[in-house]
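In this chain, numbering begins with 1 at the start of the sequence shown.
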Amino acid sequence: MSESPRRAPVRAVVIGGSIAGMLAAAAVKEHVDSVEIVEAHELPEGPGPRTGVPQAVHIHFLQSGGAEAIETLLPGTTGLLLAAGAHRVPVTSNMVIYSPEGWYRRWKRATHYVITASRDLTDSVVRGQVLKDHRVGVRTHTRAVALLGGRRRVTGVRVRGVDGTERELRADLVVDASGRASRMPQWLAELGITGLTEDHVDSGLAYASRFFRAPVPTADWPVVGVQADPRLPRPANAGGILPVEGDRWHVSLMGAPGAHPTGDPDAFEAYARTLRHPVMADLLKHAEPLTDVSVTHSTANRRHHYERLTPWPEGLVVLGDSVAAFNPLYGQGMSAAAQGAVALRDVYAAGPAPGLARRAQRAIGTCVDTAWTLAVGTDIHFPTTTGRTPTVADRLLHRYVSRLSRTATGSFHAATALTDVLALQAAPTSLVRPGVLLTALVGPLRPRPDRPQFTPAERGLLRELEEADGSAR
């Protein structure tokens, strides 16, 4: 009896060792024989800073939709994050948030959560989960410079080492997860694929962030935030305090043109006091700064519509910030990338078939839709925003969502409907279901809270801090 021919190994190459790149490797590793991640920089051992991720110095959190997507790809990740000091914060039960419509009510029953941790810790845990699989390897200090193949099929990438030497990496699947700096539009043009459309919406927001030693125990301490109100006749600003590992607070302040925060450490608390409510400044005066202030101005929403391109080559997929990068104010980036990776896995689980990469790209585009709608649907209402202005329909929708948000301060049903969408677990269209419309029409069933919603125990801790400061003076 003759032996059946041996199947050739199936190989994937992922461009970028970001969290999106790691999740891409996790998504495809069950369907190939090997995955090689090509990364331009060194990857740290443990939760250290990674070169090429300037946004890591600003606050990050995983929405429950993103955390559950990561858990689907890499079981046990949430537990490892929590064991390393990350916090699982119930929404809105453990949040003190001042929205344009008023203070969030801290409902006793939580329907969603966020995972708060430094970006370095989240990257490290996800990276460790992925790289423990023998099928996944990393080629560091190597930069992808071009695609191999043609209009119909991509067959690999050309890479360049730090010494300038170039070589070809052949692959059956190439995933670009190189982030905002992706050169995919140029690479596709070199293959003769043109017509790519791009949306670019920029509110002009700048970020200033630093870490503090928390003056209170961080276990069960709430997320604190003051949101911007685009209706006010002044440049928008906002801020947030997240409890993270190491008994620290990670604090970010954001401001539009005319109210940009600076890198001056002495101005950080003073800027927090210019927000719509001084709650953050009141907390920070008790906290010990641990780092300098880091500032970035790269906060534009940018989306490439790869899912619309025809033809789309077999063997190529684009994921994460390479497809769509969001204003980090809304905390959607990591979660959208994780959901895109799950979509990639699910399409490839169906097995080889013509048009597989195109179906995967369309599925990823669908995952991006909700986060894009949320970010852009808010940013277009700031007077400093460029790239798009609100239409009549946009204004009507914004008024409706504002009414629903005001209703949510006194209606658990409205709060849950909004959180379903913000957690990336429901489409924005769910907000116009008949039951939600009726809830918005009826309005809040309880009076709106008129002050920060700290619990009696939290207020007791804050009084102790005030008394200690008074005694020290």
Side-chain angles (χ1 to χ4, degrees), residues 63 92 97-104 197-206 225-239 254-260 275-277 299-303 305 324-333 336 365-366 368-411 413-424 426-444 448:
Q63 304 282 357
T92 57
I97 304 292
Y98 192 42
S99 77
E101 292 74 31
W103 292 101
Y104 281 16
T197 57
E198 177 185 353
D199 292 330
H200 191 275
V201 179
D202 187 2
S203 65
L205 217 64
V226 178
Q227 298 176 352
D229 186 348
R231 300 168 299 187
L232 295 179
R234 68 178 199 183
N237 58 4
M254 314 92 175
H260 279 164
L275 305 185
R276 295 174 47 240
H277 192 280
T299 62
N301 303 284
R302 189 211 62 208
R303 180 176 183 179
H305 290 279
F326 310 97
N327 183 342
L329 177 64
Y330 309 110
Q332 312 286 14
T366 299
V368 165
D369 286 342
T370 295
W372 181 260
T373 299
L374 290 171
V376 171
T378 300
D379 278 359
I380 58 174
H381 296 282
F382 292 113
T384 56
T385 296
T386 59
R388 181 179 156 189
T389 56
T391 63
V392 172
D394 290 327
R395 294 185 189 281
L396 288 173
L397 180 60
H398 190 255
R399 287 177 61 185
Y400 168 70
V401 172
S402 178
R403 179 179 179 86
L404 186 61
S405 182
R406 185 169 63 253
T407 301
T409 63
S411 166
H413 184 208
T416 301
L418 279 172
T419 308
D420 282 342
V421 177
L422 295 173
L424 302 184
T429 52
S430 67
L431 298 180
V432 293
R433 295 194 308 262
V436 181
L437 286 167
L438 180 60
T439 298
L441 180 63
V442 171
R448 283 193 290 173

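The minimum heavy-atom distance between W372 and F326, with the atom names listed, is N-CE2, 3.5 Å. Scanning all heavy atoms of the two residues, the minimum distance from P100 to Q227 falls at CD-OE1, 3.3 Å. The two atoms that bring S430 and V436 nearest to each other are O-CG2, 3.7 Å, heavy atoms only. Considering all non-hydrogen atoms of both residues, R403 and A440 come closest at NE-O, 2.6 Å. Nearest heavy atoms, G377 versus H398: O-CD2, 4.3 Å. Closest approach of Q332 to A371, counting heavy atoms only: CB-CB, 3.9 Å.
R406 places no side-chain N or O within 3.5 Å of a backbone atom of R448 that could act as its donor or acceptor partner. With hydrogens and angles ignored, the 3.5 Å screen pairs a side-chain donor or acceptor of R303 with a backbone N or O of G365. Not a single donor-acceptor pair under 3.5 Å links the side chain of S405 to the backbone N or O of V401. A donor-acceptor contact shorter than 3.5 Å links the side chain of R276 to the backbone of S99. Using a distance-only test at 3.5 Å, with no hydrogens or angles considered, a donor-acceptor pair links the side chain of T299 to the main chain of L205.
Looking at heavy atoms from C-beta onward, Y400 lies in side-chain contact with V432 at the 4.5 angstrom threshold. The side-chain heavy atoms of H305 and D199, taken from C-beta on, include a pair separated by under 4.5 Å. In this structure the side chain of V442 never reaches within 4.5 angstrom of the side chain of T407, judged on heavy atoms. With contacts defined as side-chain heavy-atom distances shorter than 4.5 Å, the pair I380/R395 does not qualify.
Of the candidates N327, L329, V226, M254 forms a side-chain contact (heavy atoms from CB on, under 4.5 Å) with just one, namely L329. With D379 as reference, N301 is the one residue of N301, L374, T386 to meet the side-chain contact (heavy atoms from CB on, under 4.5 Å) rule.
Summarising the geometry, atom CZ belonging to F382 is positioned 12.0 Å from atom CG belonging to D202; distances are rounded to the nearest 0.5 Å. Note that NE2 of H277 and CD1 of I97 are 12.5 Å apart. Values are rounded to the nearest 0.5 Å. To the nearest 0.5 angstrom, H381 atom NE2 is 7.0 Å from L397 atom CG.
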Anything under 3.5 Å between a donor and an acceptor, one on a side chain of residues 416-423, the other on a protein residue two or more places apart or in another chain? List them.
| from | atom 1 | to | atom 2 | distance (Å) |
| --- | --- | --- | --- | --- |
| T416 | OG1 | F412 | O | 2.9 |
| T419 | OG1 | A415 | O | 2.7 |
| D420 | OD1 | H112 | NE2 | 2.8 |

Report task. Let me see the working for D229 and R234 under salt bridge (Lys or Arg N to Asp or Glu O under 4.0 Å), right down to the final yes or no. Result -> CA-CA 9 Å; D229 186 348; R234 68 178 199 183; over 6 Å; no
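A 6.0 Å sphere centred on CZ of R231 holds more than 12 heavy atoms belonging to other residues, nucleotides or ligands.
With sequence neighbours left out, R388 forms a salt bridge (charged side-chain N to carboxylate O under 4.0 Å, His left out) with D394.
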